[in-house]
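The structure appears right after this line, and notes come after that.
Reckoned from all heavy atoms, side chains included, excluding hydrogens, waters and symmetry mates. Predicted model, so just to flag it, every value in this text is computed and none were measured.
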Amino acid sequence: MFYPLLLEPRFKERVWGGRRLEVLYGKPLPPGRPIGESWEVTDRPGEVSVIRNGPWAGRDLRWLMETHRSGLLGEAADAGGRFPLLVKILDARELLSVQVHPPAEVAGRLGGEPKTELWYITEAEPGSEIYAGLRRGVTREEFERRLREGTVAGCIHRFGVRRGDAVFLPSGRVHALGAGLVLFEIQQNSDTTYRVFDWDRVGLNGRPRELHVAQALESIRFDDVEPGPLPEVWEAVGGSERRRLVRHELFRVDVWRWRHPAVEEWPGGRCRILGVVEGHVTVRGGGEGVELGPGTFCLVPAGLERPGLEVHGPAELVEAEPGGVEG
């Protein structure tokens with residue numbers, strides 16, 4: 001019954017977006033608009049991924065969760081009945097706002113949802129930076145004062161990044177994505193963002209975008225000081241190499257790479273999202289085969305026994321699992 005699923009991406013116009021998803025990954029972007037996000041896997045209200053291959057083509061992820069939840073997720077937990085992860089590709093032509101996602105302990109009181117996420121950088125222009133966490137010694141009082149003065153960016157820790165860097169952003173960590181970056185974003189199923197500073201720019205409608213200063217100040221962890229990219233450690237696994245990025249209660253994320261063509265069989269029983277960074281990989285199972293090129297994702301249900309991977313030459317692939325299952 002189960003097979004690897006291709007899903008229709010949903011494109012989001014953003015004032016900071018660009019056109020590189022079209023150039024790098026062949027995404028059919030709407031013409032003449034700055035597209036900042038491609039939602040590759042989503043089960044948000046009004047924003048649900050549609051299946052585009054196999055017997056379930058035309059059905060959506062909401063239907064799959066309602067009718068085949070255990071076969072899709074296995075032992076992984078859902079998110080209030082919805083698929084637990086939201087996966088995007090981001091194209092930041094310009095700097096994003098300084099923002100924060102609320103921690104679980106304050107999200108309900110603020111009318112929002114907690115959101116923890118991981119960024120995996122797939123393209124980076126020279127000199128690209130990320131703002132994340134606070135500089136050492138910054139207090140809430142100084143942060144609020146410099147926010148009023150318009151100089152709050154000086155309170156945020158920033159560091160250079162390059163292709164292949166990964167940055168973990170737990171809820172409560174103030175951050176801003178720098179210009180010139182393209183990345184895969186794996187996050188819990190939430191879309192709550194509180195902007196605290198937007199560089200005095202206007203939005204797509206020509207007016208300043210809404211800020212959420214009070215909510216942001218309640219959400220920022222002021223003891224979260226000077227984080228950086230995750231360490232880069234690779235281990236040999238058969239004919240491939242694996243880099244473990246995150247082991248968290250919400251998700252597990254690994255990066256795999258192959259230097260030569262390979263054919264592999266992975267254990268079933270686990271829900272996986274696979275996204276190709278470079279090269280080409282065919283995922284097979286349940287009588288279906290899907291070829292993934294750069295910027296293409298597929299959803300592998302837990303009910304698919306022994307999914308097979310055929311790697312066509314050198315390749316790199318991100319694997320994400322809901323629920324943080326070890327392995």
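One N or O on the side chain of Ser240 and one on the backbone of Val237 form a donor-acceptor pair closer than 3.5 Å. Formation of a donor-acceptor pair under 3.5 Å by the Thr122 side chain with backbone atoms of Val182 is found in this model. A donor-acceptor pair under 3.5 Å links the side-chain atoms of Glu226 to the main chain of Arg136, judged by distance alone. Of the possible polar contacts, one joining the Tyr3 side chain to the Asn53 backbone as a donor-acceptor pair under 3.5 Å is found. For His248 (side chain) and Val246 (main-chain N/O), no donor-acceptor pair under 3.5 Å exists by modelled atom type. With Ser190 contributing its side chain and Pro114 its backbone, the two residues share a donor-acceptor pair below 3.5 Å. A donor-acceptor pair under 3.5 Å is formed between the side chain of His101 and the backbone N or O of Thr192. At distances below 3.5 Å, at least one donor-acceptor pair connects side-chain atoms of Arg135 with backbone N or O atoms of Gly154. Side-chain atoms of Tyr25 do not come within 3.5 Å of backbone N or O of Val277 as any donor-acceptor pair.
Taking the charged nitrogens against the carboxylate oxygens, Arg146 and Glu141 have no contact shorter than 4.0 Å, which rules out a salt bridge. Asp78 has a carboxylate O that lies under 4.0 Å from a charged side-chain N of Arg69, or vice versa, which qualifies the two as a salt bridge. Using a 4.0 Å cut-off between a side-chain N of Lys or Arg and a carboxylate O of Asp or Glu, Arg244 and Glu235 qualify as a salt bridge. Remark: Glu66 engages Arg62 in a salt bridge, criterion side-chain N to carboxylate O under 4.0 Å. Residues Arg140 and Glu144 are paired through a salt bridge, judged by an N-O separation under 4.0 Å between the basic side chain and the carboxylate. Ion pairing between a basic and an acidic side chain is recognised when a charged N comes within 4.0 Å of a carboxylate O; Glu265 and Arg284 show no such pairing. Classification of Asp91 and Arg93 as a salt-bridged pair fails, no side-chain N sitting under 4.0 Å from a carboxylate O. A salt bridge between Arg252 and Glu319 is present, with a side-chain N of the basic residue lying under 4.0 Å from a carboxylate O of the acidic one. Contact check on Glu13 versus Arg33 returns a salt bridge, with a Lys/Arg side-chain nitrogen under 4.0 Å from an Asp/Glu carboxylate oxygen. With respect to Arg109 and Glu218, a salt bridge is recorded, a charged nitrogen being found less than 4.0 Å from a carboxylate O. A salt bridge is defined here as a Lys NZ or Arg NE, NH1 or NH2 lying under 4.0 Å from an Asp or Glu carboxylate O, and Arg10 with Glu37 fails to meet this definition. Between Arg162 and Glu123 there is no salt bridge, since no side-chain N of the basic residue sits under 4.0 Å from a carboxylate O of the acidic one. Contact check on Arg14 versus Glu94 returns no salt bridge, with no Lys/Arg side-chain nitrogen under 4.0 Å from an Asp/Glu carboxylate oxygen. The existence of a salt bridge linking Lys12 and Glu47 is confirmed by a sub-4.0 Å separation between a basic side-chain nitrogen and an acidic carboxylate oxygen. The residues Glu22 and Arg19 are annotated as salt-bridged, a charged nitrogen and a carboxylate oxygen being separated by less than 4.0 angstrom.
Side-chain heavy atoms closer than 4.5 Å link hydrophobic residues (I, L, V, M, F, W, Y) into clusters, and following such links, even through other members, never connects Phe83 to Leu86. One hydrophobic cluster holds both Leu5 and Val281 under the rule that ILVMFWY side chains link at heavy-atom gaps under 4.5 Å.
Atom CG of Leu217 sits about 6.5 Å away from atom CG of Leu147, to the nearest 0.5 Å. From Cys298, atom SG reaches atom CG of Leu274 across 4.5 Å, with rounding to the nearest 0.5 Å.
Sorted by first and then second residue, the side chain to side chain donor-acceptor pair (under 3.5 Å) pairs involving residues 204-216 (not counting sequence neighbours) are Asp198-Arg209.
Residues Leu95 and Tyr131 are in side-chain contact: their nearest non-hydrogen atoms beyond the backbone lie under 4.5 Å apart. When side chains are defined from C-beta on, Val263 does not count as touching Val311, because their heavy atoms never get closer than 4.5 Å.
Geometrically, Arg59 engages Trp63 in a cation-pi contact, judged by NZ or CZ lying under 6.0 Å from the ring centre and within 45° of the ring axis. For the pair Arg242 and Trp234, the cation does not sit on the ring face, since its NZ or CZ is not both under 6.0 Å from the ring centre and inside 45° of the axis.
Residue Leu90 shares its hydrophobic cluster (ILVMFWY side chains chained together at separations under 4.5 Å) with Val15, Trp16, Leu96, Trp119, Ile121, Ile130, Phe159, Val161, Val167, Leu169, Leu177, Leu181, Leu183, Leu204.
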